[in-house]
Structure formats: C-alpha cells, structure tokens
Amino acid sequence: MSKELLRLENVSKSFGGIRALNNVNLIIKEGEKLAIIGPNGAGKTTLFNAISGVFGLDSGRIFYMGRDITKLPPFKRKYLGISRAFQIPRPFAGMTVLDNVVVGALFSRDIKDIKEARVRAEEILSLVGLHSKKDELAVNLTSPEKKLLELARALAPKPKLLLLDEIVAGIPPAEVDKIMGLVVRISEQENISVVALVEHVMRVLKYVERAVFLHEGRVMMDDTPDKVLNSEVVKDIYLGKVYE
Amino acid sequence: MDIRTHRSLIILFLVSLILLFVRVGIPETRQILSILFFYIALSEVFNLFTGLTLYVCFGYVAFVALGMYGGGATIKYLLSASSPPPLAVVLACAFAVAGILALILALAVGWISVRLKGAYFAIATIGLNEGLKNLIEGTGIWGGSSGLVIANDLIQSYNYDTFIFVTSELADYLIFTVYAVTILCIYLVIKSRLGYGLAALREDEEAANVMGVNVVRYKLIVFVISATLAGMLGAGKMIKDVAIYPPQAFAVSYTVEAIVISMLGGLGTVTGPVIGGLIYGVLKYVLTVSFPGLQLLALAPALMAMCVMFPYGIVGWLRRRFKGSKIESLLI
Ligand SMILES: Nc1ncnc2c1ncn2[C@@H]1O[C@H](COP(=O)(O)OP(=O)(O)OP(=O)(O)O)[C@@H](O)[C@H]1O
Ligand SMILES: [Mg+2]
C-alpha cells in the first residue's frame, strides 16, 4: 500500500447559514488519482479552499505527510507541494504566459532560481501546447487556453498533490482526452497525487481510480468510479443527469 | 518581464547624470533642475513601493520629514562638540540616522498595515503624517513648532564657502546618489524572485499566495526599503534646505507631486519618474510663466488630459507604441 499523503479529519466550514463542508473525512494516498464529484454547490471548491488554506476551518484538522497543516498559510502549503488550478482561471493578466508559469515554478521547494524556473516553465508550456503563446499577455488567451495555463502553472512546481478544479469544464470533448492523458502521464512520471473536481464523473471516469461523491458538504460515497456512478444515492441526487 | 539588459539601466543613469551637470553648465537651470531632481528621486522612491505593489502609501511625507529631522538633529549634535568631526563623517552619520529612523518607523507601521488590503492600507498610512507632526509639536522635540535650523552650526563649524558648497552643490549630488541607489534597487527587485512575487501579487494577491508568494513579507520588504530611501532623501533635503518647520515639512502637497510624476511617467517602471518628472517640470514651468498666479488652476486640467491620454503612463504608452523594437527594451 502506498503512503498516506493528505488526511482531512472532521473538516467543517460554514458560510452564513450554509454548511459548505460538513464533517468531511478524507484520506489521499501518494500517487493516487481521485475524482471528487458532486452537483453545483456541493462544496467541492470549498474543499480545495480548505486544503490550500485560503480560509480557516470552523473545525477539524488537515494533515499533510503526517504534519498538521491546519493553520499554515497558503504559500507555505504550496512550498510543501500542494498545487492548485482554480475553477475560474485567475491568470496574472498583465504578465506574459511564460511569466505566469515561471511564478508557479519559482515559488516551490525544488526549483530555486529564475533560470531553472524558466526552463521548467518552457517545458510545461510545450507539454500543454501553449508554448507558441508564451510571450502573449495572459489576458489575451481564450477561455480554454486560460484553463491550460492554470494547469501549466499548477504542474510547473513539481507538486506532490495536484488539485484540479473543473479543469475540463468548457473544454471540447476531443480536448478532454488530451488534457487528462497529459495529467495522467505527468503525474505518473513525477509521482503526483491528483485530485480532480468535476461536476460529472463521466468526463474523467477512465483516468481516475477512485471517486468521492460529495453532496451538501458531506462525503456520501467513496469507492471505485464505477461503483459510485452506479450507486442509488448518486443516481437519485443527479436524477439521471450523469447519463445525459 | 522579459530579460532586459543592464544596458538600459546604464543609459538611464548616464542621461540622469547629464541632466545633473546641465545644472552646472547652465546656471539658470540650476534651481529648477535641482528641485526637479528631488521630485524625480522622491517619485522613484514612491514607485519602488507603490509601482511594484499598487498599494498607495500617503505616509511618504512622514518618512521624508523624519529623515530631515533625524539628519538635521544628527548634524546639530555632532557639530555641538568642541572640535567637530570632518564634514564627510557628519554627513554620513546624518544619512545613516535618517535611514535608520525611517526604517524603524516603516517596520512599525508596515508590520501591521501591510496585512490590510488595498484601500485600507492607504487609509492606515494617512494618519502617519499628522501623528508625527503632532508628536513633534506636542512634545517639543527637535525644536518643536519653532523648527530645526542647522545653517549656523554649519557656518560656524566649517566656513561660509564650505556652507555654500554643501548646500548648493553637495546636497544635489547626495540627492542624486539616493536617486541612483533607488533606481538600482527597483531594477534589482524587478529582476529577482522578489520581483516575480510582487508582479504576481500586484495582479491577484490571493492567487499569488496560493502559488507560493509570501505576500505579507514581500510587501513589507519593499515598503521598508522604500521608506528607508525616503528617509535618506530627507537627509539630503535637510542638507539642502538647512532648516525644517513642521507646517512645511508635513505639507502633503509635495508628496502628491511625486505621486503625480510617477503616475504620469508610468507606475512600476524605472524610467517613468524621469520622463514624467521632466514633462511635469516643463509643464509647470511653462504654465507658471504663461498664467502667473493661476498655474495650479491650469495644471489640473492639463494633468487630467494627460491621464486620459496615457492611462498606463507615458512609458506604458511608449512601450505599446514601440512594441518589439529597441525602444521598448530601453524603457525599463
Ligand atoms: N466565499 C464564500 N462565501 C460565501 N459562500 C460561499 C463561499 N464559497 C462557497 N460558498 C457557498 O458554499 C457552497 C458550496 O460552494 P462550492 O463553491 O464549494 O461548491 P462547488 O461544489 O464547487 O460547486 P460548483 O459546481 O458550482 O463549482 C455554496 O452554497 C456556495 O454558495
Ligand atoms: Mg466549484
């Protein structure tokens, strides 16, 4: 069995009256590929915010490689190897595509100087197919390209844990295979654990080995993608939408 | 930020040096250019923090004033000894004390306020000037409301010719030195890891944080460097003016001019304040000559027009205009 990388213990977070995360327990292993599914507003993005440290928890604790990181600010978590792609791309608009990825690479434990970060950034940009745009300002990219830039920025620092929030949403089906294939290839090469948030597991079914179903801030199921997909709970809640 | 050669920095430095010596060659320009240089230097200092972070600080008057007081008090103290130390030692101490005082104040203020976002930071720094002014007037330190004057100390300790040389020549060179150090700082910061971090936080602070940038520390670092240089600039101004009185020392207006110059030239650029300063200086001079007494009235619409014409500053506009050419690479 591979080692535990991340552990969430009884994590809760509310916004006003909404319990966005309700006693979430979750363990992610090294090198694991996992999809977290759930309808709109299920709390998926909130879960990533909790893991990356954007806000404090109401209760519960988060352990990373055995260390309690509950109180650590986001930038320190990034240094430990937690890397994230935002659901709504947040490129540094006035910077070039290359510099965006350089920032991703530069602020990490393994890459120490700008030169090395540039080399890594160019390499990742070639992999995701954005190399020809490297000197463009990020603001000028199309929406799918911005998604790719999010992916490149997140991969650049050689993370241990890659958090992808709806990375294939709005991407044409033909492209999904390309992107997910790439994620799988790099993550296997570099032993990265990948957590992908998706509204519908169908889109990433064949790339993950485990699926967690989140609903109203609770983990309702945690099993193989097949089992989760065919469970009554999931069918009920999606009302068959998954099969559309 | 693409790799820019050191050449552009050297060219900027040489151009500045020429301006400095035009002042000597054409005596009529001396007064104007030396005042202008102070403003350009101040706006570079301002740019080092605000240009790189887009956080506006209204506290620069306080840092400059503190430097003037600290430098002035140091000179007064050293010259009160029965045998005053050599001039160079006195001036060096004045700059050191000015810088250290501003640094301490910036650390104290910055420690708390850089945690505030955007406009809240600006508001937090507004109180700085009034606070320091009231402290000096209220407690009567450094001459209190009657001000601090060091002219006699300098004349008595050295001689009249030295006094004239120090206040009308040397002071300008000292201010120029602070200016040169500041542009070097901006340049080095922009090209470093710190610069990447600042560029990122300037765009999106939360995303930068998630991407590994210690945003609070990075803001604090440039804030403290910038304030320290502002304090040293104050020491230079004190040596030039040889006197400081609270009402003028804490007049926000002249820092506003520095803000205008760096916005006009281009925030976050090294060349912006120089270009902005020259244009502003010329504009103000022309308006003063053509509409005497009404220059400020005429200046406002002129500035507004320029802001509309060059929303990214003149350097920003030039960079776009000459994208990809040699000129762009010179406009650091
Ligand atoms: N910063 C916030 N402030 C207030 N409410 C929030 C905040 N973030 C999330 N919420 C609320 O928490 C709940 C969970 O939101 P979250 O963004 O985690 O859902 P999601 O599963 O990512 O959904 P989606 O498919 O729309 O991305 C929602 O009801 C949302 O409105
Ligand atoms: Mg979401």
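In the text below, chain A, chain B and the rest are named by the order of the sequence lines, each starting its count at 1.
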Pairs of heavy atoms under 4.5 Å with chain B: top-ranked of A:L98, A:N100, A:I82, A:V102: A:V102
For [X] and [Y], work out which heavy atoms get closest and say how close.
X	Y	value
A:M95	B:A199	CE-CB, 3.8 Å
A:L106	B:R193	O-NH1, 3.0 Å
A:F86	B:A207	CE1-CB, 3.9 Å

If you count heavy atoms of other groups shown closer than 6.0 angstrom to [atom1] of [X], is the number above 12?
X	atom1	value
A:F55	CZ	yes
B:R115	CZ	yes
A:K112	NZ	yes
B:L17	CG	yes
A:K76	NZ	no
B:M263	CE	no

Salt-bridge present (A:R90, B:E203; N to O < 4.0 Å): no
Below 4.5 Å from any heavy atom of chain B, which atoms of [X] appear? Answer side chain, backbone, both or neither.
X	answer
A:D135	neither
A:V103	both
A:I114	side chain

Note, A:K78 side chain near B:V210 side chain (heavy atom, < 4.5 Å): no
Under the side-chain contact (heavy atoms from CB on, under 4.5 Å) criterion, do B:M211 and A:F75 qualify, and how do the steps go? CA-CA 6 Å; B:M211 293 186 62; A:F75 72 91; over 6 Å; no
Between CG of B:N214 and OH of A:Y79, what distance do you get to the nearest 0.5 Å? 8.5 Å
Kindly compute the distance separating CG (B:N209) from CZ (A:F107), expressed to the nearest 0.5 Å. 11.5 Å
